[in-house]
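Let me begin by presenting the structure, written as C-alpha cells, before commenting on it.
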Amino acid sequence: MSFTLATWNINSVRLREGLVRKLMEEEAPDVLCLQECKSPVEKIPLEGFKELGYTHMVARGQKGYNGVAIFSKIPMEENCAHDFADLGHARHVAGTLENGVTIHNFYVPAGGDVPDREVNEKFGQKLDYLTQMRDYFKAEAPQKSILVGDLNIAPREDDVWSHKQLLKIVSHAPIEVEHLHDTMEAGKWVDITRQDIPEGLLYSWWSYRARDWDAADKGRRLDHIWATPDISNAAHGSRVLRAARGWEKPSDHAPVFATFDL
DNA sequence: ATGGTAGTGAAACTA
C-alpha cells in the first residue's frame with residue numbers, strides 16, 4: 001500500500017479549523033500531523049475532520065499552549081505519549097497504523113531568544129528535551145517508524161536564509177544542531193525531506209514579523225519528516241506546500257509532505 | 001540594538 005503523510009504546525013487548530021479542512025480537501029494526505037494545536041483534546045473540532053474521512057485521531061493537548069494531534073484516514077491506534085524533560089507540556093504523541101508503521105509526532109521546545117543555557121532556562125530545556133529524545137531512541141531502536149514535527153531546528157546551511165547571520169540565533173545555533181544530529185543517530189533516522197530534495201534552499205517557516213514574507217523569503221526549515229532505514233527507501237515525493245503560508249489568516253508554518261510505498 | 005506580528009484570553013506569556 002501507499003500512503004501520503006503531512007506535518008503542519010497549525011498555531012491553533014480551533015482558530016484555523018477552516019485551513020485544516022482546506023488542506024484535507026485539496027491535498028488529502030492519508031495522515032495529517034499537527035503541532036501547536038493550543039487546545040485541550042476535548043475541544044479539538046473533530047466532527048468536520050471526520051466528515052472528510054479522518055476518522056482516527058490520537059492527540060495530547062493542554063489549554064493555550066503546545067498540543068499535538070495525528071489525524072488519519074487509515075485505521076490507527078495510540079502507541080504512546082512522552083513528556084520528555086518533564087516539562088508537563090503536550091509535545092509528543094505516537095500512533096501505529098494498521099500497516100504496522102508507527103508515527104511519532106513532536107513539537108520540540110522553541111528555546112527562547114538566547115542560545116545559552118546559562119542565561120536562558122528555555123534553551124536548556126530545549127537541549128534537555130533533545131537529549132531525552134536521543135536516549136529514548138537509543139534504548140530501543142525504532143523500526144518501521146516515521147518521526148515528524150516542528151523540531152524548531154534548521155540543521156543545514158541551506159535550511160536557512162543566511163547561515164552566517166543565524167549562527168547565534170536560536171534554531172540554527174551549532175549546539176542545538178549537534179543535539180538534533182545526536183537524536184537522529186540514536187534512532188538511525190533518515191531525513192526523508194533531504195533524501196528527496198538534497199540540494200538547494202528549503203524552508204517551512206517564515207516569521208509573521210517580516211513585512212513581506214514571500215518577497216523577503218527569510219525562511220527556515222524547522223519542520224521535518226524522518227524515517228527508519230527499513231522504510232526510508234519506500235519514501236518519495238517530498239514537498240513543502242509553500243502556498244499555504246499565503247492563505248488567509250495563515251499559520252507561520254507551511255505543511256511538509258512525503259509519500260511511502262510499502 | 002531594536003522591533004516588527006500572532007494566539008490565548010483578558011495581562012502576560014509564548015513563539
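Order of the sequence lines fixes the chain letters, A, B, ..., with proteins taken first and strands second; residue numbering starts at 1 for each chain. Below, each value reflects all heavy atoms present in this structure, side chains not excepted, and no hydrogens, waters or symmetry copies. Worth saying up front: this structure is predicted, and the values here are computed from it rather than measured.
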Return the value, rounded to whole Å, for the distance between atom [atom1] of [X] and atom [atom2] of [N].
X: A/Asn120; N: B/dT14; atom1: CG; atom2: C1'; value: 12 Å
X: A/Lys126; N: B/dT14; atom1: NZ; atom2: P; value: 15 Å
X: A/Leu87; N: B/dT14; atom1: CG; atom2: C1'; value: 14 Å
X: A/Asp252; N: B/dT14; atom1: CG; atom2: C1'; value: 12 Å
X: A/Arg220; N: B/dA15; atom1: CZ; atom2: P; value: 14 Å
X: A/Glu121; N: B/dA15; atom1: CD; atom2: C1'; value: 16 Å

Using side-chain hydrogen bond (donor to acceptor under 3.5 Å, both in side chains) as the criterion, list what pairs up with A/Ser232, not counting sequence neighbours.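 If we apply the side-chain hydrogen bond (donor to acceptor under 3.5 Å, both in side chains) test to A/Ser232, skipping adjacent residues, there are no hits.
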Would you mind listing the cluster partners of A/Val114? Hydrophobic ones only (ILVMFWY), side-chain contacts under 4.5 Å, chaining allowed. A/Val119
Partner set under side chain to side chain contact (heavy atoms under 4.5 Å, CB included) for A/Ala6, not counting sequence neighbours: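 For A/Ala6 the side chain to side chain contact (heavy atoms under 4.5 Å, CB included) partners, ignoring immediate neighbours, are A/Pro29, A/Leu32, A/Phe257.
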Using the six-membered ring wherever Trp is involved, compare the ring planes of A/Trp206 and A/Tyr203 and label them parallel, tilted or perpendicular (cut-offs 30° and 60°).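 Perpendicular, since the angle between the ring planes exceeds 60°.
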What salt bridge (Lys or Arg N to Asp or Glu O under 4.0 Å) pairs are there with at least one residue in [range], not counting sequence neighbours?
range: residues 195-205 of chain A; answer: none
range: residues 63-80 of chain A; answer: A/Arg60-A/Glu78
range: residues 171-188 of chain A; answer: A/Lys126-A/Glu176

What interatomic distance, in whole Å, is found between C1' of B/dT14 and the corresponding atom of B/dG9? 13 Å
Distance between C1' atoms of B/dA12 and B/dA1 (Å, rounded):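 About 24 Å, rounded to a whole number of Å.
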Remember a base hit wins even if backbone is also touched, and classify A/Arg245 as base, sugar-phosphate or nothing at under 4.0 Å, heavy atoms.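 No contact.
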Indicate for each nucleotide in nucleotides 1-12 of chain B, in 5' to 3' sequence, whether protein heavy atoms under 4.0 Å reach the base (B), only the sugar-phosphate (S), or nothing (-). ---BBSSSS---
Taking the ring of A/Trp189 and the ring of A/Phe137, is the distance between their centroids below 6.0 Å?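 When the ring centroids of A/Phe137 and A/Trp189 are compared, they turn out to be within the sub-6.0 Å range.
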Within residues 103-111 of chain A, residues whose heavy atoms come under 4.0 Å of DNA chain B: A/Tyr107, A/Ala110
Taken in chain and number order and not counting sequence neighbours, the residues that satisfy ring pair (Phe, Tyr, Trp, His ring centres under 6.0 Å) with A/Tyr129 are A/Phe84
Residue-phosphate contact under 4.0 Å: A/Arg91 side-chain N/O, B/dA15 OP1/OP2: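 Looking at the OP1 and OP2 atoms of B/dA15, one of them is under 4.0 Å from a side-chain N or O of A/Arg91.
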